[in-house]
**Q** 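Sharing a structure, written as C-alpha cells. Questions coming.
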Amino acid sequence: MQIGLVGLGKMGGNMRERLRNAGHTVIGYDTNPEKSDASSLADLVNQLDAPRTVWVMVPAGEPTQHVIDQLGGLLKPYDTVVDGGNSRWTDDEKHAEELSKRGIGFVDAGVSGGVWGLKNGYALMVGGEKEYVDPLLPIFEALKPEGPYGFVHAGKVGAGHFAKMVHNGIEYAMMQAYAEGWELLEAVDSVDNVREVFRSWQQGTVIRSWLLDLAVDALDDDEHLEELRGYAQDSGEGRWTVEAALDNSVPLPAITASLFSRFASRQDDSPQMKMIAALRNQFGGHAVESAKKA
C-alpha cells in the first residue's frame with residue numbers, strides 16, 4: 001500500500017521505517033530536508049496515487065491545524081487524512097467537519113510506543129467512520145505489534161485520541177506510584193539496595209510491567225538518579241483527562257494527584273520526579289534536565 005507521512009521526528013521516522021520494512025511505499029515529508037522524500041506538502045501529494053492517504057505526525061494544536069489546512073487545499077474527494085499525533089479529541093471533530101466539506105475523509109489515531117515502536121510495534125487506538133478506517137487496515141496491521149492485540153477501532157471521530165488520552169492519564173498514575181515507592185525505599189536506612197529491590201519485582205509480582213522494566217533500566221544507568229533534576233513536564237493529555245473527568249462527573253483521584261505532583265516538581269527539586277523524568281526518557285525519549293543545571 002502507498003501512504004504519505006508528514007513529520008519524521010522520533011516517532012514518525014521510525015513509523016516510516018517500520019512500514020517500509022513491511023513492504024509498503026511511504027513518501028515522507030519533514031521541514032528538515034535531509035529527512036524528506038518530498039520537497040513540500042504539494043510535492044508529497046503529487047507523488048501519491050489517488051485515492052491518497054496522508055498520515056500526519058506533528059505536534060498537537062497549531063502545527064497540526066496548519067498541516068491539515070494545507071492538505072485540505074491539496075487533496076481531492078475520496079482522499080483521507082490520518083492524524084496520528086496527540087491532538088485533543090475535540091480538534092478531531094473540527095478537522096473531520098472541515099475536510100468532509102471537501103469530500104476528504106478523516107481518521108484520528110492515538111499511537112503509543114515511543115522510541116521502542118520500530119522494534120516492538122505501536123499500539124493503535126483509532127476513531128472515524130468505517131468507510132475510512134477499513135481501507136487502512138493493512139497500514140495498521142504493519143504498525144501494530146505482532147499478534148492479535150494492539151489495534152482497536154475505538155469508535156467515531158475523536159474516539160482514538162480520547163482513548164489515547166485516557167491511556168496517558170493511567171500512565172501518569174502508574175509512574176507516580178513507582179516514583180513514590182522508590183523515594184520511600186531510598187529514604188529508609190534499612191534498605192541499602194533499592195535498585196535490586198525494583199529488579200526483584202520484575203518476576204512473579206502483581207506490579208511487574210514494562211514501566212517497571214524501564215525503571216530498572218534507568219537505575220542501571222544512574223543508580224540513585226543523581227544526574228537528573230527532579231522536574232517533569234506534562235504532555236497536556238493529563239490535563240485533558242482531568243478536564244474530561246470533570247465534564248463527565250467521573251472521579252479520578254489517582255490521575256489528578258499525579259498531574260498535580262508534576263506541577264509541584266517545578267517548584268522544588270523532587271526526588272519522585274527524578275524517577276518520573278527517567279521513565280519518560282526511557283519510553284519516549286523525552287528530554288530530561290541535568291541536576292548540574294539546577
**Q** Rounded at 0.5 Å granularity, tell me how far CG in Asn86 sits from OG1 in Thr64.
**A**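 Atom-to-atom, Asn86:CG and Thr64:OG1 are 9.0 Å apart.
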**Q** Taking side chain as C-beta onward, heavy atoms only, is Trp55 less than 4.5 Å from Asp83?
**A**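 Counting from C-beta outward, Trp55 and Asp83 never come under 4.5 Å.
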**Q** Using the side chain to side chain contact (heavy atoms under 4.5 Å, CB included) rule, take Leu211 and Met175 through it: C-alpha gap first, then chi angles, then the decisive distance, then the call.
**A** CA-CA 7 Å; Leu211 276 176; Met175 288 196 291; 3.9 Å; yes
**Q** Can you tell me if Asn14 and Lys10 form a side-chain donor-acceptor pair at under 3.5 Å?
**A** no
**Q** Measuring only between side-chain heavy atoms, which start at C-beta, is Glu180 closer than 4.5 Å to Leu185?
**A**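 SC-SC contact between Glu180 and Leu185 ruled out.
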**Q** Are the side chains of Tyr132 and Val82 in touch, meaning some heavy atoms are under 4.5 Å apart?
**A** no
**Q** Measure the CH2-CZ distance between Trp182 and Arg195 for me, rounded to the nearest 0.5 Å.
**A**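 Rounded to the nearest 0.5 Å, the CH2-CZ separation comes to 12.5 Å.
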**Q** Can you list the steps and then say if Glu196 with Arg199 is a salt bridge (charged side-chain N to carboxylate O under 4.0 Å, His left out)?
**A** CA-CA 5 Å; Glu196 296 309 311; Arg199 198 187 309 279; 2.8 Å; yes
**Q** Starting at CD1 of Ile104, measure out to OG1 of Thr80 and round the result to the nearest 0.5 Å.
**A**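 Rounded to the nearest 0.5 Å, the CD1-OG1 separation comes out at 9.0 Å.
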**Q** For the residue pair Thr53 and Ile3, what are the closest heavy atoms and their distance?
**A**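 So the minimum-distance heavy-atom pair works out to O-CG1, 3.5 Å.
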**Q** If two hydrophobic side chains count as joined below 4.5 Å and joins carry through other members, does Val56 share a cluster with Val133?
**A** no
**Q** Of all heavy-atom pairs between Leu225 and Ala278, which one has the smallest distance, and what is that distance?
**A**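 Leu225 and Ala278 have their closest heavy atoms at CD2-CB, 4.2 Å.
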**Q** Where the side chain of Asp108 meets the backbone of Asp92, is there a donor-acceptor pair that is under 3.5 Å apart?
**A** no
**Q** Hey, does Lys76 have a side-chain heavy atom less than 4.5 Å from the side chain of Pro51?
**A**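 In short, these two side chains do not touch, never coming nearer than 4.5 Å.
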**Q** When you group the ILVMFWY residues by side-chain heavy-atom contacts below 4.5 Å and let the links chain together, are Leu219 and Val191 in the same group?
**A** yes
**Q** Over 60° means perpendicular and under 30° means parallel, so tell me whether Tyr178 and Phe198 are parallel, tilted or perpendicular.
**A** tilted
**Q** Is there a path of hydrophobic side-chain contacts, each under 4.5 Å between heavy atoms of I, L, V, M, F, W or Y residues, that connects Val188 with Val197?
**A** yes
**Q** Hey, quick one: are Met57 and Trp116 part of the same hydrophobic cluster, counting side-chain heavy atoms closer than 4.5 Å, chains of contacts allowed?
**A**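 No, Met57 and Trp116 fall in different hydrophobic clusters.
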**Q** For Glu62 and His66, which I'm curious about, is there any donor-acceptor pair between the side chains at under 3.5 Å?
**A** no
**Q** So do Asp69 and Glu98 actually touch side chain to side chain, heavy atoms under 4.5 Å?
**A**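 When only atoms from C-beta onward are counted, Asp69 and Glu98 do touch, with a gap below 4.5 Å.
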**Q** Counting heavy atoms not belonging to Gln202, are there more than 12 under 6.0 Å from its CD?
**A**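 Above 12, so yes.
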**Q** Which pair of heavy atoms, one from Pro145 and one from Ala123, lies closest together, and at what distance?
**A** CD-N, 4.2 Å
**Q** Please determine whether side chain to side chain contact (heavy atoms under 4.5 Å, CB included) holds for the pair Val45 and Leu71, giving the CA-CA distance in whole Å, both sets of side-chain angles, and the decisive distance to 0.1 Å.
**A** CA-CA 8 Å; Val45 170; Leu71 289 173; 4.1 Å; yes
**Q** Side chains of Gln65 and His95: donor-acceptor distance under 3.5 Å anywhere?
**A**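 The criterion, which ignores hydrogens and geometry beyond distance, is satisfied for His95 and Gln65.
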**Q** Can you check whether Asp43's main-chain N or O pairs, donor with acceptor, with Ser40's side chain at less than 3.5 Å?
**A** yes
**Q** Which one of Glu243, Glu93, Glu237 satisfies the side chain to side chain donor-acceptor pair (under 3.5 Å) criterion with Arg88?
**A** Glu243
**Q** For a 4.5 angstrom cut-off between non-hydrogen side-chain atoms, does Gln282 reach Val115?
**A**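 No, side chains not in contact.
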**Q** Per the side-chain contact (heavy atoms from CB on, under 4.5 Å) rule, which among Arg280, Arg229, Glu183, Gln176 passes with Met273?
**A**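 By the side-chain contact (heavy atoms from CB on, under 4.5 Å) criterion, Met273 pairs with just one of Arg280, Arg229, Glu183, Gln176: Gln176.
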**Q** Could you tell me which non-hydrogen atom of Lys35 sits nearest to which non-hydrogen atom of Gly9, and how far apart they are?
**A** NZ-CA, 4.2 Å
**Q** With side chains defined as the heavy atoms from C-beta onward, is the minimum distance between His161 and Met165 less than 4.5 Å?
**A**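 SC-SC contact between His161 and Met165 ruled out.
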**Q** Just by distance, no angles: are the side chains of Ser87 and Asp91 close enough, under 3.5 Å, to form a donor-acceptor pair?
**A**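 No, no side-chain donor-acceptor contact under 3.5 Å.
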**Q** Looking at Arg52 and Asp49, would you say the former's side chain and the latter's main chain have a donor-acceptor pair under 3.5 Å?
**A** no
**Q** Please work out whether the ring planes of Trp210 and Phe283 are parallel, tilted or perpendicular, with thresholds of 30° and 60°.
**A**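 Tilted: the ring planes of Trp210 and Phe283 meet at 30° to 60°.
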**Q** Quick one: do Phe106 and Leu41 end up in the same hydrophobic cluster if we chain Ile, Leu, Val, Met, Phe, Trp and Tyr together by side-chain heavy atoms under 4.5 Å apart?
**A**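 Yes: a chain of side-chain contacts under 4.5 Å links Phe106 to Leu41.
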**Q** Identify the two heavy atoms, one from Val26 and one from Asp37, that lie closest to each other, and give their separation to 0.1 Å.
**A** O-OD2, 3.7 Å
**Q** Can you tell me how far CZ of Phe162 sits from NZ of Lys156, rounded to the nearest 0.5 angstrom?
**A** 12.0 Å
**Q** About how many Å separate CZ of Arg239 and CG of Leu259, when rounded to the nearest 0.5 Å?
**A** 6.5 Å
**Q** Begin with the C-alpha distance, continue with both residues' side-chain angles, and end with the deciding distance and a verdict on side chain to side chain contact (heavy atoms under 4.5 Å, CB included) for Val126 and Val152.
**A** CA-CA 6 Å; Val126 173; Val152 61; over 6 Å; no
**Q** Looking at every heavy atom in both Leu143 and Arg18, which two are closest together, and how far apart are they?
**A** O-NE, 3.1 Å
**Q** For the residue pair Glu186 and His224, confirm or rule out a side-chain donor-acceptor distance under 3.5 Å.
**A** yes
**Q** For Asn21 and Glu17, what are the C-alpha separation, side-chain angles and deciding distance, and is it a side chain to side chain contact (heavy atoms under 4.5 Å, CB included)?
**A** CA-CA 6 Å; Asn21 289 343; Glu17 185 174 348; 3.8 Å; yes
**Q** Got more than 12 heavy atoms from elsewhere within 6.0 Å of CZ, Arg102?
**A** no
**Q** Side chains of Val107 and Val81: does their closest heavy-atom pair fall under 4.5 Å?
**A**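 No, too far: nothing below the 4.5 Å cut-off.
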**Q** Could you state the interatomic distance from OH (Tyr122) to CZ (Phe140), rounded to the nearest 0.5 Å?
**A**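 If we round to the nearest 0.5 Å, Tyr122:OH and Phe140:CZ are 14.5 Å apart.
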